[in-house]
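Order of the sequence lines sets the chain letters (A, B, ...), proteins ahead of strands, with each chain counted from 1. We use all heavy atoms of the structure for the numbers below, so side chains are in, but hydrogens, waters and symmetry mates are not.
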2 protein chains.
Amino acid sequence: MRQETRREEIINTAAKLFKEKGYSAVTMRDLAAEMGIKAASLYNHISSKQEILKEIIISLAENFTKGMQNIKQANISNIDKLEKVVQLHVDITANNTYGMASLNNDWMHLEEKRDYYLALRAAYENDFRNVLIDGVNKGEIVNVNIEVMLFSVLSTLRSLYLWIPKKEDLDTQLLSSQLSKVLINGINI
Amino acid sequence: MRQETRREEIINTAAKLFKEKGYSAVTMRDLAAEMGIKAASLYNHISSKQEILKEIIISLAENFTKGMQNIKQANISNIDKLEKVVQLHVDITANNTYGMASLNNDWMHLEEKRDYYLALRAAYENDFRNVLIDGVNKGEIVNVNIEVMLFSVLSTLRSLYLWIPKKEDLDTQLLSSQLSKVLINGINI
DNA sequence: CCATTAAACTAACACTTGTTAGTTTGCTTG
DNA sequence: CAAGCAAACTAACAAGTGTTAGTTTAATGG
């Protein structure tokens with residue numbers, strides 16, 4: 001386990017506070033107090049509050065993009081692809097529960113990188129949609145409204161950060177497989 | 001269609017802005033500008049920024065509570081109860097897309113009413129959980145991890161506000177039935 | 001036509017915000 | 001030991017914050 005730099009400590013602490021109160025409600029003085037230093041000292045390590053948010057969100061978004069690239073070009077069924085997507089979300093979220101809150105709720109405060117983030121997200125949703133469409137065409141997935149299926153599954157995956165921290169010793173493998181079953185097969189007998 | 005009071009106009013406009021930027025990032029001057037007046041003039045109609053948030057969130061939360069009371073005491077199967085819950089979410093969200101964003105993301109800024117909100121939400125989740133448990137016990141619902149099923153379905157329903165506004169002429173009845181199918185039966189063949 | 005009233009206004013307040021400049025502290029290493 | 005440096009500090013700033021006080025405006029109804 002590599003040692004965290006001071007900069008990374010600040011970013012991780014910020015992510016935690018951003019999850020609790022949202023980006024706008026967290027002041028640089030709040031963040032400094034949580035680190036046990038004065039606000040001005042933060043600027044030895046980061047260049048602005050903006051930059052902290054950017055670091056949190058963009059790295060996560062790029063992780064999702066990378067994961068999706070691998071999955072879409074794999075030579076497996078579309079149901080299997082969906083299971084891989086579920087696992088991708090569980091893994092990334094388990095490793096950065098705090099950051100996922102910012103990704104979901106504070107991306108609109110990104111300013112310069114906002115459009116880049118939105119482009120990544122749109123591409124991701126589109127890749128996801130294509131898995132569903134191909135699955136329907138090949139008879140692997142039931143033929144109901146694609147947008148409703150996309151919305152339903154993706155909403156659950158995007159909300160994972162709200163639930164994962166509650167678990168103590170999380171078995172990501174187990175959660176991922178249970179979640180896949182529920183999302184794919186539903187809940188009725 | 002009853003005429004909106006000036007107060008209600010302010011609260012609805014605030015909800016719209018809160019959805020776009022979050023409660024903390026919206027200033028009273030932003031809100032006033034959107035209404036075409038000066039910030040100080042808002043205080044002829046509301047007593048504080050806090051109060052606006054409270055009005056938005058608490059009324060919605062109480063609507064959910066009321067709806068759940070009706071559903072839990074109905075003499076129908078647990079699967080039917082779930083369908084009613086889906087419809088409840090679709091109806092409330094379709095009628096107040098903006099407010100639902102605050103309910104989901106800004107409840108932590110409620111201050112005095114925060115604990116009351118959290119109590120309502122915990123009770124709601126518990127009623128929801130009991131429908132699932134009773135369904136499993138009666139063999140209507142598959143016996144997998146209750147918390148995973150609860151999380152999955154509730155996350156989708158709570159995220160509805162992000163998707164509903166995109167539809168132009170929304171048929172809530174249709175959306176509700178499609179969503180129920182996906183959530184209950186899953187997406188595979 | 002005058003009194004009332006809803007709803008706007010201007011001006012100002014005390015405080016908080018992100019950030020900068022310049023300085024001090026205390027380790028690490030040649 | 002001296003030099004270098006990472007990382008803290010104090011002090012201050014300009015702008016923005018929610019809110020109050022007191023005043024003006026324009027429409028309404030007896």
Side-chain angles (χ1 to χ4, degrees), chain A residues 2-58 98 101-102 105-114, chain B residues 2-58 98 101-102 105-114:
Chain A
R2 191 179 115 274
Q3 169 87 13
E4 247 183 353
T5 68
R6 197 72 172 131
R7 178 174 217 271
E8 288 166 338
E9 275 186 75
I10 289 173
I11 291 171
N12 290 337
T13 305
K16 179 177 142 209
L17 296 184
F18 291 169
K19 187 190 171 198
E20 283 168 17
K21 311 170 57 178
Y23 173 75
S24 305
V26 175
T27 71
M28 296 303 274
R29 285 163 181 83
D30 290 341
L31 175 53
E34 190 79 12
M35 298 282 303
I37 60 177
K38 293 295 163 76
S41 307
L42 294 169
Y43 289 82
N44 285 318
H45 309 280
I46 51 97
S47 69
S48 68
K49 189 187 178 188
Q50 263 302 303
E51 191 202 26
I52 299 176
L53 186 68
K54 185 197 74 189
E55 292 280 305
I56 293 170
I57 294 181
I58 299 298
Y98 299 144
S102 300
N105 300 320
D106 286 320
W107 56 266
M108 66 284 275
H109 302 116
L110 275 177
E111 307 201 347
E112 320 93 63
K113 291 284 184 178
R114 189 168 174 270
Chain B
R2 193 179 115 271
Q3 169 85 14
E4 248 182 351
T5 67
R6 197 71 173 133
R7 178 172 216 271
E8 287 165 340
E9 273 186 75
I10 289 173
I11 291 170
N12 290 337
T13 305
K16 179 177 143 209
L17 296 184
F18 291 170
K19 186 190 172 197
E20 284 168 17
K21 311 170 57 178
Y23 173 75
S24 305
V26 175
T27 70
M28 295 303 274
R29 285 164 181 82
D30 290 340
L31 176 53
E34 189 79 11
M35 298 281 305
I37 60 178
K38 293 296 164 74
S41 307
L42 295 169
Y43 289 83
N44 285 318
H45 308 280
I46 51 95
S47 68
S48 68
K49 190 187 178 190
Q50 263 301 304
E51 191 201 28
I52 298 176
L53 186 67
K54 186 196 74 189
E55 291 279 305
I56 293 170
I57 293 181
I58 299 297
Y98 299 144
S102 300
N105 300 320
D106 286 320
W107 56 266
M108 67 284 275
H109 302 116
L110 275 177
E111 307 202 346
E112 321 94 62
K113 290 285 182 178
R114 188 169 176 270

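In this structure Tyr23(B) satisfies the ring pair (Phe, Tyr, Trp, His ring centres under 6.0 Å) test together with Phe18(B), His109(B), sequence neighbours excluded. The side-chain hydrogen bond (donor to acceptor under 3.5 Å, both in side chains) search around Asp106(B) returns none, not counting sequence neighbours. In this structure, Ala40(A) has no side chain to side chain contact (heavy atoms under 4.5 Å, CB included) partners at least two apart in sequence or on a different chain. Partners of Glu20(A) under the side chain to side chain contact (heavy atoms under 4.5 Å, CB included) rule, at least two apart in sequence or in another chain, are Lys16(A), Leu17(A).
For DNA chain C, the outermost nucleotides in 5' to 3' order that have an atom under 4.0 Å from a heavy atom of chain A are dT17(C) to dA21(C).
Between the C1' atom of dA27(D) and the CZ atom of Arg6(B) lies a distance of 15 Å, rounded to the nearest Å. For Lys38(A) and dA7(D), the NZ to P distance is 19 Å, given to the nearest whole Å. At whole-Å resolution of the value, NZ in Lys49(B) and C1' in dG16(D) are 12 Å apart.
Residues from residues 23-31 of chain A with heavy atoms under 4.0 angstrom of DNA chain C, sorted by number: Val26(A), Thr27(A), Met28(A), Arg29(A). For the contact set between residues 50-57 of chain A and DNA chain C, defined by any heavy atom under 4.0 Å, there are no members.
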With a cut-off of 3.5 Å and sequence neighbours excluded, list every side-chain donor-acceptor pair involving residues 26-33 of chain A.
| residue | atom | partner | partner atom | Å |
| --- | --- | --- | --- | --- |
| Thr27(A) | OG1 | Arg29(A) | N | 3.3 |
| Thr27(A) | OG1 | Asp30(A) | N | 2.9 |
| Thr27(A) | OG1 | Asp30(A) | OD1 | 3.4 |
| Thr27(A) | OG1 | Asp30(A) | OD2 | 3.3 |
| Asp30(A) | OD2 | Lys21(A) | NZ | 3.4 |
| Asp30(A) | OD2 | Thr27(A) | N | 3.1 |

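For residues 37-57 of chain B, every residue pair satisfying the salt bridge (charged side-chain N to carboxylate O under 4.0 Å, His left out) rule, not counting sequence neighbours, is listed here: Arg7(B)-Glu51(B), Arg7(B)-Glu55(B).
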